[in-house]
Number of protein chains: 2
Amino acid sequence: MDVAAAAGVSRQTVTRAMNDMPGISSATRERVQQLAAELGYTPSRFAKGLVQGARISLGLAIPDLTNPYFPAFASSVVEEATQRGWNVVVDDFGHGSGSGLDAVTRLAPQVDALVGYLGERSSDAQTMMGRRPVVVLDYPAGRAAGGICFDYSYGAGLALERFQAEGRRRIAYLDSDQEGPATTRGVAVAAAAAGAGMEIIVRRSADSAPAARDEVRGILAEHGGIDGLLVFNDLMAAGALKGLHDAGRAVPEDCGVIGMDGIPLGELVTPELTTLALDLRAVGRSAVDLVDNLLSGAIHPGSAEANLVLKHQLVLRQSA
Amino acid sequence: MDVAAAAGVSRQTVTRAMNDMPGISSATRERVQQLAAELGYTPSRFAKGLVQGARISLGLAIPDLTNPYFPAFASSVVEEATQRGWNVVVDDFGHGSGSGLDAVTRLAPQVDALVGYLGERSSDAQTMMGRRPVVVLDYPAGRAAGGICFDYSYGAGLALERFQAEGRRRIAYLDSDQEGPATTRGVAVAAAAAGAGMEIIVRRSADSAPAARDEVRGILAEHGGIDGLLVFNDLMAAGALKGLHDAGRAVPEDCGVIGMDGIPLGELVTPELTTLALDLRAVGRSAVDLVDNLLSGAIHPGSAEANLVLKHQLVLRQSA
DNA sequence: GCAAGCAACGTGAACGTTCACGTACCCCGG
DNA sequence: CCGGGGTACGTGAACGTTCACGTTGCTTGC
């Protein structure tokens, strides 16, 4: 410790001065503090962490901060973590920063727990994190050691019911092409449609508004009679609205549109988006709560309480 | 180190096994690795950091992740930092998590450099960070030790010119009520208007779409003849579009609207938003570049190169 | 048969901080 | 004058890792 030598005192005295501890005269305290400031001394967070034990830092793995869903979610995670005095290390694995697994590789050595949209790789993530808590959101079939997933069957049912109630018969579902052959949502929608005895058209596009816009134009070119469109998420639904407008279809008169997620964007587009909404802040809060309980040992990885299932709510606005 | 005892080897051997270093038989390596996995052993990041020296972590202080501008910016910061092998600790000081200064207080002990929208408190931030680099975005009058700011006078000029070219005469500016008596943007707009010999109406609202929507209804109630509206940012501009629609004003026919920032949201609203756009990824990239150069000593805090001024570009879409 | 060489492993020391002590010194009361 | 009790400081030790060396023991070559 350089400051100790410069001030002619012991390291312990410097510690006392920097942390405002008792057992030091105010004269030396100020002298040491000023000297520290002059020398640009900053206590090493590593040494501090080593001796003081865990200051918790939470890893947050996000597929794409550019998609407004994720900041909405991240916002509540950060808020909730901040309240607990944790800090949050964010990794965005979009834009060529690799896969979710790369994000976990980067985060694992740096954090005490992990929360994230990791898609298929959740078990690898648990392996890399060892005994440390991992909360996977929107995990695919099967249980995660800890996780939150969504009851898409229920949500899809709500949406299809709505379309039917409106008398819509030619329904299409626009899926994301991100995960493997079909997304979790995709299979749920297909199942719900089959259950309701409906035949629906399924198309996929990249998870962005422009891609959805283009894809919708394609759908309409092939299937002109579509009068209901369910979309993978609200961002793509916003693009879909544009695509319908491009093709001269009026929403909701010619074609109803229902999105998923319930992000604030839905209220800003025209017509305002009917959507299967989640309580986004509740999702973040639940994720951090899970981590907290896993850390404290209040609940155990793999147990029933470590897996939450949240339901969507159909928020009716203008588009359907 | 528990694993060392359990495996009956020395700590050094464990180190060699965990880090795939030479000088160890593959038999012992695997035995140690498996034992480590069973015991749930995770190397302490603190001890590692202490002995190996700095793994850089970058603090990112964000006023409100809920406002789509900030994730757009954060996304490029995270991407750029990830490329350098840094990790990013995010703090959102919206939603009652205090002020920017609170965020800095939380981040300062944990990071090697700081980037953020800190508003007025940038000098306090530098004090808390000592010699470590601080890059302040959108700092108010006066220079920051390191920072990026925007030439709002230039941008405001572009917008007002556009309104004039369209023959619009009754211009209003909707400001944010976040910072003190008037925002940096507010004074720039006022100055640009005065320079152009224009008289403009200035109103303020909270920095959110619903607040802007309400405020715009208020403006129209008082000043019905408004035919041009410049707005603090794109999010508020999106709300303003809704407000104009509520009041039965057609955009751009009855009233033109120009936003600021150039976030992707602008292309999803109807009509699509004409805006003073920034290259958002360039902003993030520049911020991280600055930090990098400050860390390496290539440029010095307070020097001319440590302060960047970026200009807006008027992107014409439908709203003006 | 003996040293050289190499592979496999162990042994302090160090990183920078805090914790639990120990030690001067001063002030007072008796 | 002596001891008790405070205040202001200093002194190992410890946290868990890695680094730069040592130290075995076995092979190899002549």
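A, B, ... follow the sequence lines: proteins, then strands. Residue 1 opens every chain.
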Expressed as a whole number of angstroms, how long is the span from [X]:[atom1] to [N]:[atom2]?
X	N	atom1	atom2	answer
A/Asp2	C/dT17	CG	P	10 Å
A/Arg45	C/dT17	CZ	P	12 Å
B/Leu50	D/dA14	CG	C1'	12 Å
A/Met21	D/dA8	CE	P	14 Å
B/Phe46	D/dG16	CZ	P	12 Å
B/Asn19	D/dT17	CG	C1'	9 Å

*Between B/Ser303 and B/Glu305, does any side-chain donor sit less than 3.5 Å from a side-chain acceptor?*
yes
*asked:* By nearest atom, which of the nucleotides D/dT17, C/dC19, D/dC15 is closest to the B/Val51 side chain?
replied: D/dT17
*asked:* Measuring from the side chain of A/Gln52 (C-beta onward, heavy atoms only), which nucleotide among C/dT18, D/dT17, C/dG16 has the closest atom?
replied: C/dT18
[X]: partners by salt bridge (charged side-chain N to carboxylate O under 4.0 Å, His left out), with sequence neighbours left out:
X	result
A/Asp64	none
A/Arg45	B/Asp112
B/Arg84	B/Glu80, B/Asp289, B/Asp292

*Keeping the roles fixed (side chain from A/Arg29, backbone from A/Met21), state whether a donor-acceptor pair exists under 3.5 Å.*
yes
*asked:* Quick check against the 3.5 Å criterion: does B/Thr105 have a side-chain atom that pairs as donor or acceptor with the backbone of B/Leu101?
replied: yes
*asked:* Counting primed atoms plus P, OP1 and OP2 as sugar-phosphate and everything else as base, spell out the protein contacts along nucleotides 6-13 of chain C at 4.0 Å heavy-atom distance: B, S or - for each nucleotide, 5' to 3'.
replied: --SBBBBB
*Does a sphere of radius 6.0 Å around CD in A/Gln178 hold more than 12 heavy atoms from other residues, nucleotides or ligands, not counting ones at 6.0 Å or beyond?*
yes
_Quick check on B/Glu38: does its CD atom have over 12 non-hydrogen neighbours (other residues, nucleotides or ligands) under 6.0 Å away?_
yes
*Please give the angle, rounded to 10 degrees, between the axes at the start and the end of the helix from C/dG1-D/dC30 to C/dG30-D/dC1, where five pairs define each axis.*
60°
*Could you note down all residue pairs passing ring pair (Phe, Tyr, Trp, His ring centres under 6.0 Å) where residues 106-126 of chain A supplies at least one of them, sequence neighbours left out?*
A/Tyr69-A/Tyr117, A/Phe70-A/Tyr117, A/Phe73-A/Tyr117
